[in-house]
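Please read through the structure below; I'll follow up with questions.
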Amino acid sequence: MRRNTIQARLEREDAGDHEDSDEDEDEDDEKDGEKDDNKDDKEDKDDKEATRKRASIKIFVRVRPVRRSDARLHATAGRYAVAAGGDGGDGDASIAFRLPRDADAGPVNNQRENYAYRFSRVFDQNTTQDEVFDHVAKDVIVNAMDGYNGTIFAYGQTGSGKTFTITGGAERYADRGLIPRTLQFIFKEAKARTGCHYEIGISYLEIYNECGYDLLDSTRDAKKLEDLPKVRLQEDESQTIHVQNLSNITALNEEEALNLLFVGDTNRMIAETPSNPASSRSHCLFIINIVGKRDGEDRMWRSKLHLVDLAGSERTSRTGITGNLFKEASYINLSLHYLEQVIVALHEKSLGKRSHIPYRNSMMTSILRDSLGGNCMTTMIATVAPEDELIEESISTCRFAQRVALISNVAKLNEEVDPKLVIARLKREIQRLKAELAIARGETGDVSSELPDYEKTRFVACFFKWFFFSFFLFLFSFFLFFFLFFFLVFFFFFWFF
């Protein structure tokens, strides 16, 4: 076929026919059409990409101050070092640990001594809660108010300062954690955004021994955690996890939201362990549901902001705990093990080595499905302890944090059309068209009640324009008539006399 086409083209050139044939014109038109289609597809693709944000999970590390009150812990100078990078430490900060070799291993000892890890930013012992909020949470919150899902979770060994970072301390106002500061920032930002309306819903979930509990339930008098209603997970056809029996309470202002936080913290499971006098024995997820819309528009956006306080891992062989504490630690370590499996699987999936991700192994990984490798903007803060006895656990935390940094999320704008707003707008449009049609037909009636305000203003303006125009036309005609009358009278009088 190609040979026949070339031969026909040569015959046309020999005959001196230099004009384009109809077939060539059709081919050119098809090519132009394909170019236009490709251009339209590219524009649609650009519009979709504009509503997506692809980014890796940002990792921050915070070093807990040395605990002087515990005589069993010792801190040797030089066991860890923090190196802040350029531009205030963002993007090129690192932390290094030195683990001395075991002297009992003999003269030939190849044990590694120095460990160094690089993160987005490293917060040393003297870092304030305000600095942590500005660098870790603020960007995620702003994007959540724009319609993107967000997650901030703290990971680390027990007693390393996770709960203090997420919830804060109760002694001083400056010790407020990420959750109360986030609530304050959301309501201030919502008030500052003129032309936008926000609805804030609060949920508080606790996962204790692989069972979920609603910490904000007020339907019963709960004297212990088991008295609270259990939540259950349900997965739909699109593999989206829905948490059932979890209350979502609307908060109208910052004070109501902080009261809900206080109620949830009161119901949390806390126990004293050898590693921490007030250890969280469960994973807690503080969920902020944000619904926003602009005035006069049909579209609205929904987003979820998860602030997660993971229970700390601990080595039961070192702490020597027994009984119920041992059972709790076993469930905590198992769920964190499943979390690490998901992290490793996501990294292997990015390399093309596997396709299945074991999200369903635990309730925590199922709920955090979007936060890890899904539709979410995720930030992790790893907390480490500087004492000599806990250096190995701190190194393990940094290793896990670096695995998490390899995960890439694609956050999408969760925008939809509100049917109620569409119906209200169409009703207003129908009333306006009916009123304009009645005016055009000259029908009488209470038309002004059916017109919107701007149509009423236009109607009054048109009426006054018509009135003044008619009035001046009448005056002009009146004076013209008298002028012609007196002119004719004067003319006839002059002609006959």
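By convention here, the first residue in the shown sequence is residue 1. Everything numeric here is computed off the predicted structure, so don't read it as measured data.
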Gln244 and Leu233, any side-chain heavy atoms less than 4.5 Å apart: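 Sidechains of Gln244 and Leu233: no contact.
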Partner residues of Phe185 under the side chain to side chain contact (heavy atoms under 4.5 Å, CB included) criterion, sequence neighbours left out: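 Phe133, Lys138, Ile141, Val142, Glu189.
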Find out whether Leu205 and Ile367 are in side-chain contact, i.e. whether some heavy atom of one side chain is under 4.5 Å from a heavy atom of the other.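 In contact.
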Answer yes if the ring centres of Phe400 and Tyr155 are under 6.0 angstrom apart, and no otherwise.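 Centroid separation for Phe400 and Tyr155: below 6.0 Å.
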Verify whether the ring centers belonging to Phe286 and Tyr204 lie closer than 6.0 Å.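 Centroid separation for Phe286 and Tyr204: below 6.0 Å.
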Do Asp217 and Lys230 meet the salt-bridge criterion of a basic N to acidic O distance under 4.0 Å?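 Here Lys230 does not pair with Asp217 in a salt bridge, since their nearest N and O are not under 4.0 Å apart.
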Over-ring placement of Arg176 relative to Tyr173, 6.0 Å and 45° cut-offs: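 Yes, Arg176 lies over the aromatic ring of Tyr173.
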Any salt bridge linking Arg403 with Glu340? Criterion: basic side-chain nitrogen under 4.0 Å from a carboxylate oxygen.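 Result for this pair is yes, salt bridge flagged.
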Between the side chains of Asp309 and Thr163, does any donor sit under 3.5 Å from an acceptor?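 Judged by distance alone, the side chains do pair up.
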Are side-chain heavy atoms of Arg193 and Asp146 found at a separation under 4.5 Å?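 Touching, per the 4.5 Å side-chain cut-off.
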For the CZ atom on Arg232, are there more than 12 heavy atoms of other groups (residues, nucleotides or ligands in this structure) within a distance under 6.0 Å?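 Counting other residues, nucleotides and ligands, CZ of Arg232 stays at 12 neighbours or fewer.
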Evaluation steps, salt bridge (Lys or Arg N to Asp or Glu O under 4.0 Å), between Arg98 and Asp388: CA-CA 10 Å; Arg98 185 176 63 86; Asp388 300 347; over 6 Å; no
Pair Glu131, His135 - check side chain to side chain donor-acceptor pair (under 3.5 Å), show working. CA-CA 6 Å; Glu131 294 179 44; His135 292 89; 5.7 Å; no
Test log, rule side chain to side chain donor-acceptor pair (under 3.5 Å), inputs Asn414 and Asn375: CA-CA 9 Å; Asn414 304 306; Asn375 176 23; 3.1 Å; yes
Should we count CD of Glu255 as having more than 12 external heavy atoms under 6.0 Å?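 Atom CD in Glu255 is not crowded, with 12 or fewer foreign heavy atoms closer than 6.0 Å.
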Can you tell me if CD on Glu171 sees more than 12 non-hydrogen neighbours from other groups inside 6.0 Å?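 Check fails, neighbour count at 12 or below.
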